[in-house]
Amino acid sequence: MTDNDCDSAQVARAAKLAFEHSQLLEASERVKALNAIRTELELRKNDIFDANKRDMEAAQKELELGRLSPSLLKRLDLTNEDKWNSMLQGISDVAALPDPTGQVSYASQLDEGLELYRVSCPIGVLLVIFEARPEVVVNIASLAIKSGNSAILKGGKESVHTATLLSQVIRTAISKTLFPVACIQTVQTRQEIASLLSQDRYIDLVIPRGSNSLVKSIQNSTRIPVMGHADGLCSIFLDASADQEKATRIVVDSKINYPAACNAVETLLVHTSVLSTIWPAVASALLSHSVTLLCDRTTLVALQSVVTADLEKLVRLSSAEDYNTEHLSLTISVLAVPSLEAAIQHINAHSSHHTDSIVTESEVNASTFCRGVDSAGTFVNASTRFADGFRYGFGTEVGISTGRIHARGPVGLDGLVTYKYLMRSQDAKGHIVGEFGSGVGQKIFKHYPIHATSVPF
C-alpha cells in the first residue's frame, strides 16, 4: 500500500465516522451549520475573491497557450456578484427546505403490535469530483449537511486556490457547531482520487461533475456506484405550429444565457413547414448575438435571404458529427426534420438524455413530445436553461443525472437520500417468524396500512 493509499483511506474513514456521528444529531443542528457557513462566507468574501482572481489569472495564461477552453474559464469566475449572491442564497434556500430524512413512504401493521416503516435516510459518504466551478464546493457542502451525508470534494486544478479557501471557510464554520468537521473534506491531487475510488468500504456514491472524458474515466475506474451525466447535449424542436415570438425568445435564451452550461441548447431541429417563416427570424436573432450556425443543406438554403456578407462567417454547412457535439460556446447545430416523429427519433438517437424542449401551439404534439423523448427533462415552450436545481426550487443541486436509477435530472436533497426499513414489536414476548405460516395455530400477516408521515419511535 502506498502513502497515497494510506492517506486516502484515512480521509475516507474519517468521512464515514463523521457521517455516523452526525446521524445522532437533531435536524435543527444541520440548519445551524448551514447558517454558520453562510455567515462565515460573507465575512471572508474579499479573501475568497482574491483567491479566485489568482485562479483566473493563471487560467487566462492557460487559455492563451491553448491549454484551457473559454467555457472552462467562464465557469471558474466567482467574482460576478450575481453568481456570488446566488451561491449564498442557495445555502439559505437549502436550509429552509424540509428535512429529507425521516420521511415515511410506506408503513404497515404486520401483526398486532408489529409495525414496519420504510423511512428515508442519508446515503452515507459522497465523493464529488468536479472541474473549474469553485462554487460547487459550497453547493455540495450545503446539500450534504442538510441531507445528513458526509462529502469528500475534489475540484479541478484550475480552481485550486478558490476551492481550498472555500473548504477552509466551511470547515471553520462547522467547527463552531456540533457537526464533526470531517463531514466536509477536500483532496487536491489525482493520485488521491485514484486511491479514493478504491475505498468502496467507506465511500457510498461518486458524483463526477465535468467533461465527458472526466465522467467516463471515473465510471471506468471504480466499483463504487457513480451518479452523473457525461454530456449536456440538449435540443429544441420548432414544431409546425410554433409561435415565432416564443420560438425566438426560447432558442436565443437557451443558447446565449450561459453557453458553457450543460443545459444550454446545442441542437436546433426545424420542422420543414417553418423553414421560410419562423426559421429565418430565429436565425437572425441568433446571428445578432454572434452565434455560429452549423446548418444542414436544407436550413442553409432557407437562410439565403437573411445572411448578409458580414454574417457569412457565422453560417456554415454542418457535418454529421456536429449533431453529436456539445459545443459549450456560441455555436449551435441546425437540422431540418419532416415531422414530430422524426424530431423525437433524432433526439433519442443523438442527445445525451439531459433536457430537450419543443416549441409548439399543439397540445397533442406537446404531449407526444414529452412522452416520446427519453430525457431527464422534457419541456414545452420553455428554455432548456430551466433545468437547474436552484430554478426547480431545490435550493441548489449536486449535479444533473441522466441515469434512470435512483435519481434523474437536477439532483437536490431528495437525490441524496435512500431509505431503510424500521420494524418495532410491542408484544410482551417480541415477535418471531416461526409463529407465522399456514399450519394449525399459526398466525397470518395482517398487512394493514398505517397512515404516518414520521416514525413514532
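None of these values were measured; they are calculated from a predicted model.
- With respect to Asp374 and Arg404, a salt bridge is recorded, a charged nitrogen being found less than 4.0 Å from a carboxylate O.
- With salt bridges taken as basic N to acidic carboxylate O contacts below 4.0 Å, none links Lys157 and Glu62.
- A salt bridge links Arg38 with Glu42: the closest approach of a Lys/Arg side-chain nitrogen to an acidic carboxylate oxygen falls below 4.0 angstrom.
- In this structure, OG in Ser357 is found 9.0 Å from CD1 in Ile347, a value given to the nearest 0.5 Å.
- Side-chain contact, Ser401 with Arg408: no donor N or O sits under 3.5 Å from an acceptor N or O.
- With 3.5 Å as the limit, one finds a donor-acceptor pair spanning the side chains of Thr162 and Asp55.
- Side chains of Thr355 and Ser375 form no contact here, defined as non-hydrogen atoms less than 4.5 Å apart.
- Pairs passing the ring pair (Phe, Tyr, Trp, His ring centres under 6.0 Å) check and including a residue from residues 59-84, sequence neighbours excluded, read Phe49-Trp84.
- For Asp322 and Ser319, the side-chain atoms include at least one donor-acceptor pair closer than 3.5 Å.
- Between His346 and His350, the angle of the ring planes stays under 30°, which puts this pair in the parallel group of the 30/60° scheme.
- Residues Thr248 and Glu245 have side chains that never bring a donor and an acceptor to within less than 3.5 angstrom of each other.
- Side chain to side chain, His327 and Ser333 meet the donor-acceptor criterion of an N or O pair below 3.5 Å.
- For CZ of Arg249, the number of neighbouring non-hydrogen atoms (other residues, nucleotides, ligands) closer than 6.0 Å is 12 at most.
- Side chain of Ser351 to backbone of His353: a donor-acceptor contact under 3.5 angstrom is found.
- Asp204 pairs by the salt bridge (Lys or Arg N to Asp or Glu O under 4.0 Å) definition with Lys16, not counting sequence neighbours.
- At least one side-chain heavy atom of Asp388 sits under 4.5 Å from a side-chain heavy atom of Glu397.
- There is a side-chain donor-acceptor pair under 3.5 Å between Tyr323 and Ser318.
- With sequence neighbours left out, Thr101 forms a side chain to side chain donor-acceptor pair (under 3.5 Å) with Arg30, Asp99.
- Taking each heavy atom of Ala342 and Val337 in turn, the nearest pair found is CB-CB, 4.2 Å.
- Under the 4.5 Å side-chain criterion, counting only non-hydrogen atoms from C-beta, Leu127 is not in contact with Ile207.
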Report task. Please step through side chain to side chain donor-acceptor pair (under 3.5 Å) for the pair Thr418 and His406, ending with a clear verdict. Result -> CA-CA 8 Å; Thr418 182; His406 181 66; 5.3 Å; no
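- The side-chain hydrogen bond (donor to acceptor under 3.5 Å, both in side chains) analysis of residues 168-185, with sequence neighbours excluded, yields the pairs Glu40-Lys176.
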Requested in this report: Report the C-alpha distance between Gln188 and Thr164 in whole Å, list the side-chain angles of each, state the deciding distance to 0.1 Å, and finish with yes or no for side chain to side chain donor-acceptor pair (under 3.5 Å).
Outcome: CA-CA 9 Å; Gln188 301 297 333; Thr164 299; 3.2 Å; yes
Atom pairs and distances, side-chain donor-acceptor, residues 278-293, under 3.5 Å, sequence neighbours left out:
{"from": "Trp279", "atom 1": "NE1", "to": "Thr299", "atom 2": "O", "distance (Å)": "3.0"}
{"from": "Ser284", "atom 1": "OG", "to": "Pro280", "atom 2": "O", "distance (Å)": "2.9"}
{"from": "Ser288", "atom 1": "OG", "to": "Ala285", "atom 2": "O", "distance (Å)": "2.6"}

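- Considering all non-hydrogen atoms of both residues, Leu76 and Ala59 come closest at CD2-CB, 3.5 Å.
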Query raised in the report: Is there a salt bridge (charged side-chain N to carboxylate O under 4.0 Å, His left out) between Glu158 and Arg67 once you walk through the steps?
Result: CA-CA 11 Å; Glu158 307 83 10; Arg67 296 198 290 247; over 6 Å; no
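- Within the structure, the ring pair (Phe, Tyr, Trp, His ring centres under 6.0 Å) test picks out no pair touching residues 180-225 (sequence neighbours left out).
- Taking a 6.0 Å sphere around NZ of Lys45, one finds it holds more than 12 heavy atoms contributed by other residues, nucleotides or ligands.
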